[in-house]
Colleague: 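Before anything else, here's the structure in question.
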Amino acid sequence: MSGEKILIVEDDDIIARVADWRLKNLGYNVCGRATYAAEALDLVEKHKPDLVLMDINIKGDIDGIETTKMIKKGYNIPVVYVTSHSDGATLERAKESKPDGFILKPFEDNDLRVAIELALTK
Amino acid sequence: MKLQKKSLLVFVALLILVLIGISVFFSTVLLASYSALEEQYVEKDLDQAVNKLNDELFSMSSIVSDWGPWDDTVDFVNGNDPNYLNSNLQPYGFDNLNLNIIVITDTKGKILFSGAYDLQNKVMVAVPAYFSGPLDPKNPLMNQLDPHKVTLGILMLSDHPMLVVSQPIVHSDYSGPPRGVVIMGRYLNKEEISRLAELTQPSLSLTRIDDPALSQNLVSSIRDKSKSAPGIIRQLNMDQVAGYALIRDIYGNDALVLEITEPREIYRQGIDTTVQVIIIILSGGLFLGLFVIYLLDHVVLNRMRSLAEQVNTIGKSGSITDSVVIAGDDELSGLATEINRMLKTIEHTQQDVLVSEARFRELAELLPLIIFEMDTTGVLTYVNRAGVALFGVTEQKIAAGINIRQFLSPDNIEHMQRGLSAVMSGAKSPGEIYTLKQPDGNLMRAIVSTSLIHREGRVTGFRGIVIDISERIRLEEALTESEEYLQSLIWSIRVGIIVIDVETHTIIDVNPAALEMMGTTKDVVINQLCHKAICPAEVGRCPITDLDQTVDNAESILLTQDCRAISIIKYVVPVMLHGKPCLLETFIDNTYRKQIELKLAESEEKYRALTENTGDILFSMDMAGIFTYISPQVNKYGFLAEEIIGKTLRSIIYPEDLARVENDLSHDLENGAQFHSTFRILDKWGHVHWFDEKGTLRLAQSGKPLGIYGVLRDDSERKRSEETLTELKNQYMAIFDNTGSAMIIIAKDTSIVMANQGWAGITGIAKEAWTGRSWTEVIYPEDLELMKKHHSERREDPVNVPREYTFRLIDTSKNIHHCLVSVVMIPGTTSSIAAIVDISERTRAEEAVELANKKLNLMNNITRHDILNTITGLLGCVDMANATTSQEERMSLLRDIKDLTRIIQRQIAFTKEYQEVGVHLPLWQNVNMVISRIRPNFEHSGLQIHVDLENTEIYADPLLEKVFYNLVDNALRYGETITTISFYFLIADKGLSVICEDDGAGVSPEEKTRIFERGVGKNTGMGLFLTREILGITGITITENGVYGKGARFEIQIPRGTFRFIR
């Protein structure tokens, strides 16, 4: 952990607040938080984060999976999904975007750390 | 017409024409000149009459010239001569001057004196109104510019026109300025006009221009003419002529029409002169004409008549040896000499003609042929003795006029006309064949040759010869007919005929029947040796010519082309044909007869076997109904055939059937030769047997009925089967009608043969009305093609077509029914029977359950997602609370933890409510009752709830009450100013809409769709979401379409099939 920049994409305020707190505790640098796709792409362009922590179910017509595809295509930045969806169809769709990790809710510090480190070392 | 008569007529006609011409000439030219002369005279008189009026004015002007330029008058006007009036203007002054009015004015028109006098009664009278006041200085009578000038003219007063004159008042030497004017006037009344008329013509009249009696056309004509002439002239009648002139007043306006009338003496004189001239010319012409006629008659016509009478006498008498005599030495006597010379020439020629004709007639009379002459129209002029003998055309008939067409058959007339036309055009007659009618009615066929008769260089008729060829034609026709008959006989007979030359034994002729039997053609057979072609006998062993045998009706063998030998019956006769000895072989094919004999033998064998082995009883009976034969099968019923023969049919028939059978037989006998009846017979053991009897009348060759052949068939089994079948049919019909499900029997063309009450109940159409209609009428369009395919394929291969399947049906109320059909083919037919069960409710329930399961699964996922989300936050908050050193932050985090816990609680509570959705099967629910159940919850809210839903039931999830509770609860929570909420319904094409409408704040446009999403709302965010889900279980939808600011309006759309009205 050397203070990599992480962007949080999460529309739920409490979850975002918790994630922000935990990431900072783990020594990461949270470079911003987005609640919908367009905002996420703007912040990626602006901060060029080392990793994006992506919720699948975000505000707006474009969900987290589609946003991930765009980030991967445009910036080749690792993306780790944070989701409580465990239904097969959603997971299959998420896999197609070739994410760099999955974190299932509810998560704690260790869940975050392992997933992020694995993603960053790929 | 005689020359004398003709000359007289020409003369009379010429005289009439001359008289008409002269009359026209004089009436148009002479009378016109008299008429013009008359007009000139009248115009002159008219001019004189007008001038006379002017003369009167001039005479008055000379009077006024004495009074105007006069010192006394000046003094009077200046007021210097008070005696002026007494001295000069007393009544006798008026009388002497023959004036009716004298007026003196000053220069400005003020009347200084005015006096009026009645010339007839010699008294002073009142001055006319025109002069009773001051005169306008512009009045023409007030003209004072030139003291020498007298103003004169006619003044139109209201009662009479008046001749007026005026002159300025100056000194006698015309010095000094005018002091005024003197005006004098005389009435143009009746007396004055009479006086003027006496001076001019006997008739003069003046008519006011504004007199209504005056013709406006006359006035217009006078005005038009007045520019070029003094007036116009009009002929009033044959006796009078009138002239009209227009007279103007002193103002220059048209005032009077002056009229003079005169007798038409000049015109009458013109007529008299014309008549006299015509009479003189007529007399002269008549005299001259009579003289010319007399001269012509005496010198020319009488002599010509004499010459003509002499020539006529010679012509009538035929005595051309006579001569004509005319005295004198002129053209007529020369003509008589020429006629005499011509008569001599004719005499010589006639003698030559007579000799020639006598020779011709003798020749013609001797000939046996008919010789005739006729004119160009066909009227006979001569017929010789043969013609008289054969056609009875005597000289008397010829003299009476007889046409040759009478002897021609109608169809020959046109033929004859064409032939004669050809001869007329110069062609030679070839001899036409005609059919002629003789007086005794017989027809004669004859050749008729014609030639032209020329007389004096022109064709006058035809001469012809008739040659009777009837006998010849009859013989020819008989011969031809005989030949044709013989030929057709030989060629059509089904007997083979072959002619063989005896010397060479070659075939020289053969008929088609023989060729057919031999299987060859004529060109192959002709000239072949008979031994090789037809006869199996060897050469040199001919049975007729070599062995001297006879062949007569003998069975023989015929060799065919394909080397078969067929059996024939043969005759051979030696004959002489065309002088040559021949053999005439005739034969018939014996093969068919042989086959018939064989078949007859077989048939007899079969009949015997049939009769003895069939189950039916064969019988025959005579016309009295007595059996003459019955087959042995009767033994089966305990009778011997011998026992029955000789008995009547009625003796064995069951008594109760006897009358009916006899009636049937009697009826059949009247209508034909076939009999059919059914009756019972008791056998020897007393058992009843039903017999079906069929008989045929047996007739002799003469047509006389001999008896009846028949068959008796034991029909007892069939009768029992029929009864059983009827019973079964009734049972099946009872089952068909009362099976509880809909049933139909379907023909191959999809039409329904029979339907039961169940089918009528589903479709809404009476079962009787379904007969003949197609089941496709009520099938849901999307299902129709597949069902028709099944229908078609089931009739081809029933095994591979599903026997049961579901489909949708639309009833007469447009409701869609989900049905399960089970179809089977009726054995041995192309019809099928289908049993249909209405599974609509079951289907809807299944769909609802399926949908509920899906929704629950989805809700499980969502809820789990939400709870996990909340737990994630909750755990985070716990960790943050543990980690923080700030008491304040910890307290804040603990509040967050509490809130998150409550959210989880609420989410779990929602799952409890939501899990009820779709758990129970949907029900038909009365909306009125549902709303009445929620009413108590809102009794104290102050909200007015209006319901107008009739007795509507909808098919919905049992949680329907929750829907209406949520709608009212939401209205209260968010309606702000709400006071009233109403429920009512609307019927639309797609179904029924239940409307929930309030008068609250309404829903903003951006919220209209979001309010039905989960979590949206100020309270739990689940109310309207749950509402939508509950309704959706049975396909019901809900939308909000109210006007923001005026109230919310929720529309619950219920599709067809999920609502109904309870009566």
Side-chain angles (χ1 to χ4, degrees), chain A residues 6 8-28 30 33-36 53-61 63-65 80-94 101-116, chain B residues 853-886 888-908 910-911 1006-1007 1009-1017 1021 1025:
Chain A
I6 293 178
I8 299 171
V9 183
E10 173 63 65
D11 63 339
D12 189 303
D13 290 342
I14 295 290
I15 305 286
R17 186 175 149 201
V18 169
D20 180 81
W21 179 79
R22 289 190 187 282
L23 287 171
K24 284 175 180 170
N25 276 351
L26 292 170
Y28 298 111
V30 178
R33 177 216 169 183
T35 58
Y36 53 95
L53 209 58
M54 178 72 72
D55 182 20
I56 288 177
N57 191 21
I58 57 175
K59 279 185 185 174
D61 297 332
D63 67 359
I65 296 170
V80 174
Y81 284 123
V82 180
T83 181
S84 58
H85 285 294
S86 57
D87 63 290
T90 307
L91 284 177
E92 282 304 314
R93 208 159 65 80
F102 272 98
I103 299 171
L104 290 176
K105 293 175 185 175
F107 56 82
E108 295 189 57
D109 291 351
N110 204 36
D111 301 318
L112 272 178
R113 186 178 57 78
V114 171
I116 290 169
Chain B
N853 282 331
K854 282 182 184 173
K855 286 179 181 295
L856 282 172
N857 283 336
L858 180 64
M859 186 47 57
N860 276 341
N861 283 335
I862 293 168
T863 310
R864 186 172 63 250
H865 171 266
D866 290 352
I867 292 173
L868 288 172
N869 258 2
T870 314
I871 289 171
T872 303
L874 188 66
L875 289 173
C877 288
V878 171
D879 287 348
M880 283 191 281
N882 285 332
T884 186
T885 54
S886 165
E888 190 181 346
E889 189 183 357
R890 184 176 291 118
M891 289 306 291
S892 171
L893 286 165
L894 286 173
R895 279 196 296 276
D896 290 341
I897 289 167
K898 192 173 182 180
D899 289 342
L900 289 170
T901 307
R902 282 185 179 147
I903 288 171
I904 292 170
Q905 183 188 13
R906 211 161 46 229
Q907 287 167 339
I908 291 170
F910 170 71
T911 59
E1006 58 271 18
E1007 292 290 317
T1009 52
R1010 286 193 70 238
I1011 53 175
F1012 296 105
E1013 291 177 11
R1014 191 173 59 88
V1016 174
F1025 171 74

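Every chain is numbered from 1 and lettered A, B, ... according to where its sequence line falls, protein lines coming before strand lines.
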Colleague: Is the shortest side-chain heavy-atom distance between B:I867 and A:K105 below 4.5 Å?
Modeller: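 Contact flag for B:I867/A:K105 side chains = no.
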
Colleague: Using a cut-off of 6.0 Å, state whether more than 12 heavy atoms not belonging to B:E1006 lie near its atom CD.
Modeller: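 Check passes, neighbour count above 12.
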
Colleague: Rounded to the nearest 0.5 Å, what's the gap from CG on B:N869 to CG on A:D12? Could you check?
Modeller: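 Rounded to the nearest 0.5 Å, the CG-CG separation comes to 5.5 Å.
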
Colleague: Which atom pair, heavy atoms only, marks the closest approach of B:G873 to A:V18?
Modeller: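 Closest approach of B:G873 to A:V18, heavy atoms only: O-CG2, 3.6 Å.
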
Colleague: More than 12 heavy atoms of other residues, nucleotides or ligands under 6.0 Å from CG of A:D61: is that the case?
Modeller: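 At most 12 heavy atoms, drawn from other residues, nucleotides or ligands, come within 6.0 Å of this atom.
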
Colleague: List the atom of A:I14, the atom of B:C877, and the distance in Å for their closest heavy-atom pair.
Modeller: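 Closest heavy-atom pair between A:I14 and B:C877: CG2-SG, 4.4 Å.
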
Colleague: Quick one, B:D879 and A:W21 - any side-chain contact, counting heavy atoms below 4.5 Å?
Modeller: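 B:D879 vs A:W21: side chains touch.
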
Colleague: Would you mind checking which part of B:L900 comes under 4.5 Å of any heavy atom in chain A, side chain (CB onward), backbone (N, CA, C, O), both or neither?
Modeller: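 Looking at B:L900, just its side chain touches chain A.
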
Colleague: So do the side chains of B:M880 and A:R22 get within less than 4.5 Å of each other, counting heavy atoms only?
Modeller: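 B:M880 vs A:R22: side chains apart.
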
